Amino acid sequence: MIFKKPVEYMAERASRHGDILAVPLSVCREAASLGGLSVREAEIAALRGGLCPSRYERTIGTFGLEGQARLLESCAAVVGCGGLGGWITEILARAGVGRLILIDGDVFDENNLNRQLYATEENIGEPKAAAAAERVRGVNSGVTAEHYQMFINEANGAEILSPANVVLDALDNNSGRRDVFSLCRRLGIPFVHGAVAGFFGQAAVLRPQDRPL
């Protein structure tokens, strides 16, 4: 019953856009405040009540209301928040993956300015993971972003990765990838590998039962 009032509040203020009853962000925030909920909880309640938060109008045709609700309930870890990881983080936040765990021990350098999304002239020397988390909070208030300024390995990563439904590898070294995949196998989490260099890129999805890298 906790969601009844917020859903009714949002339904009364929704606008019909074709087949969709769309709810503006401002209304989702008001409903969350009135119901003692987070923005994410209010958006999930809206979706389960047949309403679509306006920010997701263009993806509901792909995910459906239930699929979008499941995304908001999910957790993804991004290991490496630089050239590839920054763009991965951006899309996950905009798509509405509800909890992001962002891990990178590095700081921005001037040679990151030409290709890394969160590198600016003002944040040279600052942690990449912190910049990624700050960006997420500005892009989607329904997404929780926690960051760790550390280089992950088998000894320190199990507790950090354990809440994740999926781990995305955007690292720039194979020793780190091996450690993260080993953790994923131990924790039973799917591992999505990505790498890019010059005009070439590669991607792979490895399940916990797949053979080690």
Side-chain angles (χ1 to χ4, degrees), residues 1-79 81 85-103 117-118 129-148 159-168 184 187-192 205 207:
M1 296 298 292
I2 188 171
F3 289 144
K4 185 175 181 182
K5 254 188 202 177
V7 173
E8 290 178 352
Y9 182 89
M10 289 185 283
E12 290 170 358
R13 291 156 177 80
S15 302
R16 182 166 291 281
H17 298 174
D19 296 331
I20 295 173
L21 279 172
V23 185
L25 174 59
S26 59
V27 174
C28 290
R29 285 175 169 167
E30 290 165 3
S33 178
L34 290 170
L37 309 172
S38 68
V39 173
R40 175 170 53 169
E41 289 170 331
E43 290 183 341
I44 292 170
L47 289 158
R48 293 262 158 78
L51 307 172
C52 176
S54 293
R55 70 162 72 241
Y56 302 121
E57 278 188 67
R58 298 300 180 93
T59 50
I60 287 301
T62 302
F63 298 137
L65 296 175
E66 177 60 23
Q68 187 64 60
R70 289 178 63 188
L71 273 183
L72 281 165
E73 291 171 335
S74 67
C75 175
V78 181
V79 187
C81 299
W87 293 99
I88 291 172
T89 299
E90 183 84 3
I91 295 302
L92 293 179
R94 291 185 183 278
V97 175
R99 180 181 177 187
L100 296 178
I101 300 169
L102 308 174
I103 307 161
L117 182 60
Y118 304 139
E134 183 179 357
R135 171 71 173 187
V136 169
R137 287 188 284 268
V139 164
N140 192 338
S141 58
V143 173
T144 302
E146 54 198 81
H147 70 277
Y148 297 88
E159 185 175 351
I160 293 170
L161 295 182
S162 60
N165 302 112
V166 63
V167 172
L168 297 105
C184 287
L187 296 168
I189 302 171
F191 172 91
V192 180
V205 178
R207 300 163 297 176

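These numbers come from a predicted model, not from an experiment.
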How many angstroms lie between atom [atom1] of [X] and atom [atom2] of [Y], to the nearest 0.5 angstrom?
X	Y	atom1	atom2	answer
T89	H147	OG1	NE2	12.5 Å
I160	L102	CD1	CG	11.5 Å
I91	L168	CD1	CG	12.5 Å
E43	S54	CD	OG	9.5 Å

Quick check: closest heavy atoms across [X] and [Y], and the distance to 0.1 Å?
X	Y	answer
R99	P163	NH1-CB, 3.4 Å
V139	A93	CG1-CB, 4.4 Å
G85	V78	O-CG1, 4.0 Å
L51	P53	O-CD, 3.7 Å
V97	S74	CG1-OG, 3.6 Å

So [Y] and [X], do their side chains get closer than 4.5 Å, heavy atoms only?
X	Y	answer
Y56	L72	yes
R94	R55	no
L34	P6	no
L161	I103	yes

More than 12 heavy atoms from other groups under 6.0 Å of CD on E90: yes

Evaluate the criterion side-chain contact (heavy atoms from CB on, under 4.5 Å) for residue pair V143 and L92; output intermediate values, then yes/no. CA-CA 9 Å; V143 173; L92 293 179; over 6 Å; no

Just to verify, what does S38 make a side chain to side chain contact (heavy atoms under 4.5 Å, CB included) with, not counting sequence neighbours? R40, E41

Sequence neighbours excluded, the answer for side chain to side chain contact (heavy atoms under 4.5 Å, CB included) partners of E66 is R48, R70

Given L37 and I44, is the side-chain contact (heavy atoms from CB on, under 4.5 Å) satisfied, shown in steps? CA-CA 11 Å; L37 309 172; I44 292 170; over 6 Å; no

Is the backbone N or O of [Y] less than 3.5 Å from a side-chain atom of [X], with the two atoms forming a donor-acceptor pair by type?
X	Y	answer
N165	C75	yes
S162	E159	yes
Y9	A31	no

Would you be so kind as to tabulate the donor-acceptor pairs closer than 3.5 Å made by side chains of residues 15-29, with sequence neighbours excluded?
unit_1: H17; atom_1: ND1; unit_2: E57; atom_2: OE1; d: 2.9
unit_1: H17; atom_1: ND1; unit_2: E57; atom_2: OE2; d: 3.2

